Amino acid sequence: MANGKDTSFMRSLCMGYIEEDMIVPFPVTSPEERETLQSVIASLGDLMAPHEKDFSAWDRAAEMPASYLEELKTFGLFGLIIPEAHGGLGFGSAAYSRTLQEVARFDASTAVTIGAHSSIGMRGLLLFGTDKQKERFLPRLATGEMIAAFCLTEPGSGSDAASIRTTATRDGDDWIIDGNKLWITNGGIADFFTVFAKTENADTRGHMTAFIVTRDMPGVSVGPHEDKMGLRASSTTTVHFERVRVPDANRLGEVGKGFKVAMKILNSGRTGLGGGAVGAMKHLIALSSKQANERSQFGKRIREFGLIKQKVGHMVVDCYASEATVHMVAALADQGYQDYAVEAAISKVFASEALWRCADEALQTAGGNGYMTEYPYERIVRDSRINRIFEGTNEILRLFIALTAMDDVGRSLKELSKSLQGVFEDPIKGFGVLSEYALRRASLATGIRKSMFTKLDPRLRAHAAVFEEATKDLAIAVDRILRKHGRNIIGKQLASKRLADAMIDMFVLACTLSRVNSSLLSQGEEKAQPELQILAVLSDDVRRRVRQNFDLVDRNEDDALKAVAEHAFDLERYGWDTI
Ligand SMILES: Cc1cc2nc3c(=O)[nH]c(=O)nc-3n(C[C@H](O)[C@H](O)[C@H](O)COP(=O)(O)OP(=O)(O)OC[C@H]3O[C@@H](n4cnc5c(N)ncnc54)[C@H](O)[C@@H]3O)c2cc1C
């Protein structure tokens, strides 16, 4: 496998290869970027800290005052990823993600307002826009004069994005857009909408095109502010397009390629959400540590109790591992790697679930206070929940992770069977494929170079071995599952989920190993001790979980479990009582 910029760490891993050069050493922030980030972070604190009480009031009132939005605009928060030539700050993925982290420490509604603008609302323009389109819109998007929104979801189309009904019909040099979009973040404050619409008859699945639609176009309207569980101060509305005439000059990308545009936007925007999750976890750790120090019961500070230490310890491990993973994915994007969709999906799933665990445990650590609206915990729990649902539900992303990462193995198996079939007609071609496959098997069996880490400090050998062992098991499990189910793997969701869970754990461990390795080398063993302990906890957890997932591939009670669910579906209720 070529180790070029088109390599994917996880795809290679499924073939049994560890593309170590992609992740070791842990990516560093350049001194100039660090300096810029430090000054942005300090100023952000000055901007947001005075609003600490306001955030909770705005959450209750479900509004974000226009004067506060103006403060965000003046700060430049809407221009983070826009090139300096167009009036933005020109941040790469890592700096963008780190900035959103800082915003999310203070307020999730603010983070999602900025995130929806940059991560998804205007990212299509950056990725697919023509020079003319960029010149026309980017300067106004950078100042926040125009706020952006991403319009994909519809009442009948959520996870199944290819099933949208909004249409764009060609009319001379224009398109006429008709349809309704649902739950659009920034809907109520946006002037710039990236809209996805069908450009063939409604029966052609997935044949869609992306367009830039502006608020001033006749026929564009938005619904009222949605009353939500969390992120209550952020704007979420329906957006309606009634015979909206859009010039072809506003088309983003090629006609019919809108699905790819949407997926590329979502993939490359995921480090924003991950950064937000890390910021929220850091805030929760600060709250819980303070609580553990200040609250006494049974004559002791609650920090003395093992069960409280267990909670906060896990929060720190989750946060450190998420931060390592989110930063690694952002760095891969910044280094020009093209194929990091699986890794980005992993970072989103892991960080959103880690945040959920942290928010729950922080609330528990606060006891009854955690349940009171006077304290920040319940708001953070409410705000955190959406991360597992939007920008791709974690269920859909797990299937995506497993199926995409297995693709190369599937191909190699297909090639193998093809080459065996054709071996007598074209022996040289067939032999070539066979020998490559045989080489891969041999490398798995003997554990030569590419199946092992070679650059990690020897003091991390035991943890590296956990990863290497899992790599062999993963390649074997993928191979076995594909041979058993073939194309039917698409319908084997529980098997795919187990593989995805193992892959998520493994990528997170790989990123954490690399991060701890860099700390160990730069700071020495004594200073890096807490990080070594974090790695010890994570690697032990991963070893156990991965083994359990692989064990369950062949022996499980999936059929019984599905039957239990079918029973409830059929009755539409729980079927038993004790009286
Ligand atoms: C606050 C908020 C903000 C949002 N912002 C935006 C935005 O700015 N722009 C935008 O376009 N959208 C936005 N959305 C929409 C969001 O992206 C969707 O809610 C999400 O994609 C899931 O779609 P759905 O809600 O229709 O759930 P469904 O797709 O109906 O899913 C229901 C359940 O079924 C599961 N499921 C679905 N299909 C499968 C399958 N094949 N296999 C296994 N399980 C499956 C899902 O994981 C989920 O658990 C937002 C939503 C919310 C709540």
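Just so it is clear, the model here is predicted, and its values are computed rather than measured. Remember, it's 1-based here, ligands and their atoms both numbered in the order they're listed.
A ring-centre distance under 6.0 Å is found for F196 and F150. You'll find the ring centres of W183 and F390 outside the 6.0 Å limit.
A salt bridge links R98 with E102: the closest approach of a Lys/Arg side-chain nitrogen to an acidic carboxylate oxygen falls below 4.0 angstrom. Ion pairing between a basic and an acidic side chain is recognised when a charged N comes within 4.0 Å of a carboxylate O; D383 and R232 show no such pairing.
The residue from I490, I164, I396 that puts a heavy atom closest to atom 41 (N) of ligand 1 is I396. Nearest-heavy-atom check against atom 43 (C) of ligand 1 across E391, Q493, E395 picks out Q493. Residue nearest to atom 4 (C) of ligand 1, selected from F193, W183, F150: W183 (by heavy-atom distance).
Contact annotation for atom 46 (C) of ligand 1: protein present (non-hydrogen atoms, distance under 4.0 Å). Put simply, atom 1 (C) of ligand 1 has protein non-hydrogen atoms near it, under 4.0 Å away. Under the 4.0 angstrom criterion, atom 23 (O) of ligand 1 counts as having a protein heavy-atom contact. Atom 19 (O) of ligand 1 lies below 4.0 Å from at least one non-hydrogen atom of the protein.
Rounding to the nearest 0.5 Å places CG of L138 at 6.0 Å from CE of M122.
The protein heavy-atom contact nearest to atom 26 (O) of ligand 1 is G158 CA, 3.2 Å. For atom 27 (O) of ligand 1, the nearest protein heavy atom (residue, atom name, distance) is S159 OG, 4.2 Å. For atom 3 (C) of ligand 1, the nearest non-hydrogen atom of the protein is T185 OG1, 3.3 Å. Scanning all protein heavy atoms for the shortest distance to atom 15 (C) of ligand 1 gives T153 OG1, 3.2 Å. When hydrogens are left out, the protein atom nearest atom 53 (C) of ligand 1 is I386 CD1, 3.3 Å; that is the closest non-hydrogen contact.
Test W175, F241, F193 against F211 for ring-ring contact (aromatic ring centres under 6.0 Å, His included) and you get one pass: W175.
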Q: Kindly indicate, with the supporting measurements, whether the criterion salt bridge (Lys or Arg N to Asp or Glu O under 4.0 Å) is fulfilled by D107 and R379.
A: CA-CA 10 Å; D107 182 49; R379 174 158 69 90; 3.2 Å; yes
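Annotation: ring pair (Phe, Tyr, Trp, His ring centres under 6.0 Å) contacts of F137 (sequence neighbours excluded): F192. A search for side-chain hydrogen bond (donor to acceptor under 3.5 Å, both in side chains) contacts involving D559 returns nothing, not counting sequence neighbours.
Atoms of ligand 1 found under 4.0 Å from any heavy atom of L152 (numbered from 1 in listed order, with element): 11 (O). If you number the atoms of ligand 1 from 1 as listed, the ones under 4.0 Å from a heavy atom of L399 come out as 42 (N). Set against the non-hydrogen atoms of K228, the atoms of ligand 1 under 4.0 Å away are 1 (C).
At a 4.0 Å cut-off, not a single heavy atom of L231 sits close enough to ligand 1 to count as contact.
Relative to the six-membered ring of F350, R357 meets both conditions, a distance below 6.0 Å and an angle of at most 45° to the axis.
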